[in-house]
Asker: 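Got a structure for you, questions after.
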Amino acid sequence: MNQAFRHALRGLREHTYLAGVGAGVIAAALVLLGAYAMIVGNLEAVVSGWKRDVHVSAYFAPGQSAEVQAAARSELAGRPEVESVEWVTSEQARTWMLERVPEVEAMVKELGEGALPSSLEIALRPAYTSPEGLDAFAASLEQGGRFGDIDYGREWVERSGAFLRTLTILGVALGGILVVAALFLVGNTINLVVYARRDELEILRLVGATDSYILSPFLVEGAIQGVAGGGAAVALLYAVHRLVVARLPEAIPLALGEGGLAFLQPSAIVLLLVTGVAIGVAAAGLAVRRFLSRLA
Amino acid sequence: MIRLYHIGKSYGDRDALRDVSLHVEKGEMVYVTGPSGAGKSTMLKLLYGAERPSTGKMLIAGTDVSKLDSRQLPSLRRNLGVVFQDFKLLPQRTVAENVGMALEVIGAEPDAIRRRVPAVLNIVGLKGREEDKAGVLSGGEKQRVAIARAIVNDPAILLADEPTGNLDGAMAVEVMEILQAINLRGTTVLVATHDVGLMDRFPYRRLRFVDGRLVVGSTLGAARR
């Protein structure tokens with residue numbers, strides 16, 4: 001192993017340009033994959049935010065006592081579908097309304113104390129936010145006559161669900177194409193890099209080197225090129241991310257949520273580097289083996 | 001040392017070698033000769049395992065090498081030295097590194113390599129040139145480096161495929177003198193060449209091939225007769 005490492009360093013020193021081309025192509029492939037991961041990650045965060053925002057407003061029917069309302073709250077809080085329940089009294093609703101829309105103050109006063117009904121604002125767990133899950137939950141609330149109206153924005157949920165499904169299909173298809181393109185790009189380049197060193201392989205074969213002896217330094221070189229390519233890709237993605245964040249119109253970070261456009265998670269960065277090493281090692285291994293199989 | 005029995009080699013429907021039987025004794029020096037396309041290089045390729053015979057049996061130092069699989073080839077090649085017309089050196093590496101490669105692949109320690117390489121360079125007349133880059137050497141010097149690499153492991157057999165083909169007259173003579181000296185140290189040497197002048201100047205048994213057939217010199221006795 002020590003010898004393979006030494007030979008790999010010598011190979012990189014002797015063929016700095018070729019090694020740079022190999023690392024550069026790995027970096028290009030990983031930039032594609034990293035950018036894709038970043039876009040999908042941010043879109044998923046947006047969609048998760050939408051899912052978290054799905055909530056049911058259950059307005060109490062007129063005449064429900066505070067005890068009944070409190071009991072309804074406790075009962076709902078204990079249900080498995082429910083993430084949280086907030087009890088909004090008629091007075092709180094009135095205050096909220098007047099704070100945000102002061103123009104309607106005269107109208108609200110005219111309608112009197114009970115103009116805005118008390119309600120329960122129910123947030124559901126993500127597993128229950130499908131249109132069917134919401135329908136079933138709303139239907140269960142309608143029984144018993146405690147609630148006069150139930151609002152849960154079914155159309156919005158349906159649209160966001162359809163969007164998410166399309167996104168998933170597109171993501172898988174695009175991700176697959178990118179992976180194949182990246183492997184093709186790296187594979188062909190490393191093939192050329194190995195071909196440029198065919199004399200070395202041929203001589204090693206002639207003096208009695210075993211295939212594993214010949215292959216080991218190339219694998220180490222592939223790993224080093226993978227780490228270098230991965231590092232370069234992460235650095236480039238970070239620079240582009242900073243540039244994009246600095247130039248984004250203010251409205252776009254709002255649409256993306258509080259965090260704005262997020263960079264890759266640390267685990268994704270590690271995964272990118274590991275992928276770089278795997279691509280480098282696999283491409284070098286395949287190219288050298290293919291070449292050796294053609295050699296005498 | 002080398003015994004071939006009814007060796008044939010075909011590429012598709014073209015016969016490169018036909019029914020070749022020959023013996024080369026230990027410590028002998030022989031020429032493999034004949035016109036272009038007669039089968040000289042094919043003969044040597046069979047001996048160092050770059051090609052497999054289509055028919056026949058081939059023994060080198062008592063081992064049947066006609067059926068060696070690719071995993072057994074390295075051990076055969078560690079006991080053979082091979083020299084080519086185009087030298088096959090790595091120009092960006094030093095003379096010592098080029099020669100030392102053959103020792104590294106057999107797992108020789110760096111100290112042993114440092115001791116052995118200058119000794120072999122001395123044999124081929126390149127003493128003190130260890131740190132020169134192979135790429136800057138003359139043709140004759142490159143061929144000497146190639147010969148040094150071929151003999152650094154003390155192989156029993158040295159195969160040289162047109163070793164003087166790229167060299168002018170004086171350098172060709174120098175290279176032949178080195179091969180002769182190596183033979184005198186006990187190594188069996190086979191030289192593929194069609195240079196009649198050199199063969200006349202350094203007279204050894206000639207294995208003459210025509211159209212893939214061995215027409216002269218199959219055994220030492222036959223050659224003497």
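Remember, it's a predicted structure, so these values are computed and weren't measured experimentally. Each chain gets a letter, A, B and so on, in the order the sequences are listed, and its residues count up from 1. Note that these values count all heavy atoms, side chains included, but never hydrogens, waters or copies made by symmetry.
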Asker: Measuring from atom CD of B/E104 to atom CD of A/Q3, what distance do you get when rounded to the nearest 0.5 angstrom?
Answerer: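 The distance works out to 5.5 Å.
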Asker: In Å, rounded to the nearest 0.5 Å, how long is the span from OH of B/Y48 to CZ of A/R205?
Answerer: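 Answer rounded to 0.5 Å: 12.5 Å.
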Asker: Do A/R13 and B/Q92 come within less than 4.5 Å of each other through their side chains, counting heavy atoms only?
Answerer: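 A/R13 vs B/Q92: side chains apart.
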Asker: Do A/L204 and B/M101 have side chains that approach each other closer than 4.5 Å (heavy atoms only, starting at C-beta)?
Answerer: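 With C-beta onward as the side chain, the pair touches.
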Asker: Would you say that more than 12 heavy atoms from the other residues, nucleotides or ligands in this model lie under 6.0 Å from the NE2 of B/H194, or not?
Answerer: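 Open: at most 12 neighbouring heavy atoms sit under 6.0 Å from NE2 of B/H194.
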Asker: Would the number of heavy atoms belonging to other residues, nucleotides or ligands and lying under 6.0 Å from CG of B/D168 be above 12?
Answerer: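 Correct, the count exceeds 12.
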Asker: What heavy-atom pair brings B/P74 and A/G208 nearest, and what distance separates the two atoms?
Answerer: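 What the structure gives for the nearest pair is CB-O, 3.3 Å.
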Asker: Are more than 12 heavy atoms, taken from residues, nucleotides or ligands other than B/E177, located less than 6.0 Å from that residue's CD atom?
Answerer: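 Above 12, so yes.
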Asker: With a sphere of 6.0 Å drawn around NZ of B/K57, does it hold more than 12 non-hydrogen atoms of other residues, nucleotides or ligands?
Answerer: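 Atom NZ in B/K57 is not crowded, with 12 or fewer foreign heavy atoms closer than 6.0 Å.
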Asker: With a 4.5 Å limit on heavy-atom distance, are the side chains of A/V207 and B/R77 in contact?
Answerer: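 When only atoms from C-beta onward are counted, B/R77 and A/V207 do not touch, as no gap falls below 4.5 Å.
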Asker: Is it the case that more than 12 heavy atoms not belonging to B/Y11 sit under 6.0 Å from its OH atom?
Answerer: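 Yes, OH of B/Y11 has more than 12 neighbouring heavy atoms, counting only those of other groups under 6.0 Å.
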Asker: Let me confirm one number: the OG1-CZ distance from A/T210 to B/R71, rounded to the nearest 0.5 Å.
Answerer: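 The distance works out to 12.5 Å.
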Asker: In plain terms, say whether A/E200 and B/R93 are close enough for a salt bridge, that is, a side-chain N and a carboxylate O under 4.0 Å apart.
Answerer: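 Yes, this pair counts.
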Asker: Say you draw a straight line from CG of A/D199 to CG of B/L89; how long is it, rounded to the nearest 0.5 Å?
Answerer: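 It is 10.0 Å, given to the nearest 0.5 Å.
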Asker: Has A/R242 got more than 12 heavy atoms of other residues, nucleotides or ligands less than 6.0 Å from its CZ?
Answerer: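 No, not enclosed.
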